[in-house]
Protein chains: 2
Amino acid sequence: MSASTIEAVARLIGDRWSMLVIRDVFRGVRRFEELRDDLGVSRAVLSDRLKKLVEAGVLVRTPYQDNPPRVEYTLSPMGLELSPMLVALLRWGDRWIGDGDPTAVLLHGPCGTELEQAFWCRTCHTTFGPAAIKAATSADARSPDA
Amino acid sequence: MSASTIEAVARLIGDRWSMLVIRDVFRGVRRFEELRDDLGVSRAVLSDRLKKLVEAGVLVRTPYQDNPPRVEYTLSPMGLELSPMLVALLRWGDRWIGDGDPTAVLLHGPCGTELEQAFWCRTCHTTFGPAAIKAATSADARSPDA
DNA sequence: CAGTATCCTCGAGGATACTG
DNA sequence: CAGTATCCTCGAGGATACTG
């Protein structure tokens, strides 16, 4: 059952560098040398991780300039949907092992954008964004109360 | 900032065995040999991971019998609060790389509980649950519009 | 800049045997 | 059962040099 899922996810992003790379791309660090400088990772390892993440479909490799050729990495839809996990991870880390300042939680969100409505399950401890809600209500699996 | 948090969390639970151990303890697998049988991990590595997780405060080592001495591992409060992250991880894995049955997303949540209101940032792609909202509105960081 | 190629080290982790 | 001790291998990853 879910053991294989955990294992697959761990194999894909469950190492120090992959997670840090993903975090950096979320933050807007998108180029090879920027990532390298920011993370202090060796070229070979960074190259390997980027390749893996692109192959897995988490990142997208996009040339944005022809001459000289330049490349940037962005999050695919699949990669963007890692955000709930990253948020949960950061929240947990800030609360239990963070040395630094805990992430401030604002009604406007850290980027300043006004928050949209979403839903939260107090039993599962899971949040569902508007896209998930939309998908659920438009699909066959309807549960049309409040 | 949060790089250190990510790194610390990755260092603690960001490896294959630690994550699988935690998952098993969540499932109720609590004894050394049970964990070993279920995961197929070597004794030395399992011993090392359990020690690390206990030292970090994620697991609690509890002798439950004196003669012969027997031990079980359970989740500390800190460990229990990993559940949102695990759920997010499983949800993502099921959706994007799971071979098995994807978790259905319902307005009632997978456990049947009715969902509560939460908030979503369309720029950050981040969801904020009711506890976070409560904390934000009661703390100094107020942003009291809709 | 965005990598690839090569070399080298060190430590993670399996296998096995042993212990209270 | 719940580990510890020892040995051994192999591969991850850093450093450095090189390439289009």
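Throughout, a chain's letter reflects where its sequence line sits, starting with A, and its residues are numbered from 1. Heavy atoms only: backbone and side chains are in, while hydrogens, waters and symmetry mates are out.
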Query raised in the report: Would you say a side-chain N or O of A:K51 is under 4.0 Å from OP1 or OP2 of C:dG3?
Result: no
Query raised in the report: Of the candidate nucleotides D:dA15, D:dG3, C:dG14, which contains the atom at the shortest distance from the side chain of B:V71?
Result: D:dG3
Report summary line: Ranking C:dG3, D:dA2, D:dA15 by distance to the side chain of A:F32, first place goes to C:dG3
Query raised in the report: Base, sugar-phosphate, or nothing: which does B:R61 touch, judged by heavy atoms less than 4.0 Å apart?
Result: sugar-phosphate
Report task. Give the nucleotide from the list D:dA15, C:dC1, D:dA2 with an atom nearest to the side chain of B:R43. Result -> D:dA2
Query raised in the report: D:dG13 pairs with which nucleotide, Watson-Crick or G-U wobble, both distances below 3.5 Å?
Result: C:dC8
**Report entry** Cluster overlap A:Y64 with A:L35, hydrophobic side-chain contacts below 4.5 Å
**Finding:** no
Query - 5'-most by nearest nucleotide on DNA chain D - A:V45 or A:P69 - result: A:V45
Query raised in the report: B:Y73 side chain N/O closer than 4.0 Å to the phosphate oxygens (OP1, OP2) of D:dG3?
Result: yes
Report task. Give none if C:dG20 has no partner; otherwise give the nucleotide forming a Watson-Crick or G-U wobble pair with it, both distances under 3.5 Å. Result -> D:dC1
Query raised in the report: What's the CG-P distance between A:N67 and C:dA2, to the nearest Å?
Result: 14 Å
Requested in this report: Determine yes or no for a side-chain-to-main-chain donor-acceptor pair under 3.5 angstrom, with B:R36 supplying the side chain and B:V41 the backbone.
Outcome: yes
Query raised in the report: Looking for any heavy atom pair under 4.0 Å, which part of the strands does A:R49 touch: base, sugar-phosphate only, or nothing?
Result: sugar-phosphate
Report task. Using the closest heavy atom to pick a nucleotide of DNA chain C for each, name whichever of A:A44 or A:Y64 lands nearer the 5' end. Result -> A:Y64
Query raised in the report: Is A:R91 paired with A:D94 through a side-chain N to carboxylate O contact shorter than 4.0 Å?
Result: no
Query - Spacing between B:L39 atom CG and C:dG13 atom P, to the nearest angstrom - result: 13 Å
Query raised in the report: Are any side-chain N or O atoms of A:W92 and backbone N or O atoms of B:M78, one a donor and one an acceptor, separated by less than 3.5 Å?
Result: yes
Query raised in the report: Can you tell me how far C1' of D:dA2 sits from CG of B:D38, to the nearest Å?
Result: 17 Å
Query raised in the report: OP1 or OP2 of C:dA15 sitting under 4.0 Å from any side-chain N/O of B:R36?
Result: no
**Report entry** N/O (side chain, B:S47) to phosphate O (OP1/OP2, D:dT4) under 4.0 Å
**Finding:** yes
Requested in this report: Compare all side-chain heavy atoms of B:R61 with those of B:E55 and state whether any distance is below 4.5 angstrom.
Outcome: no
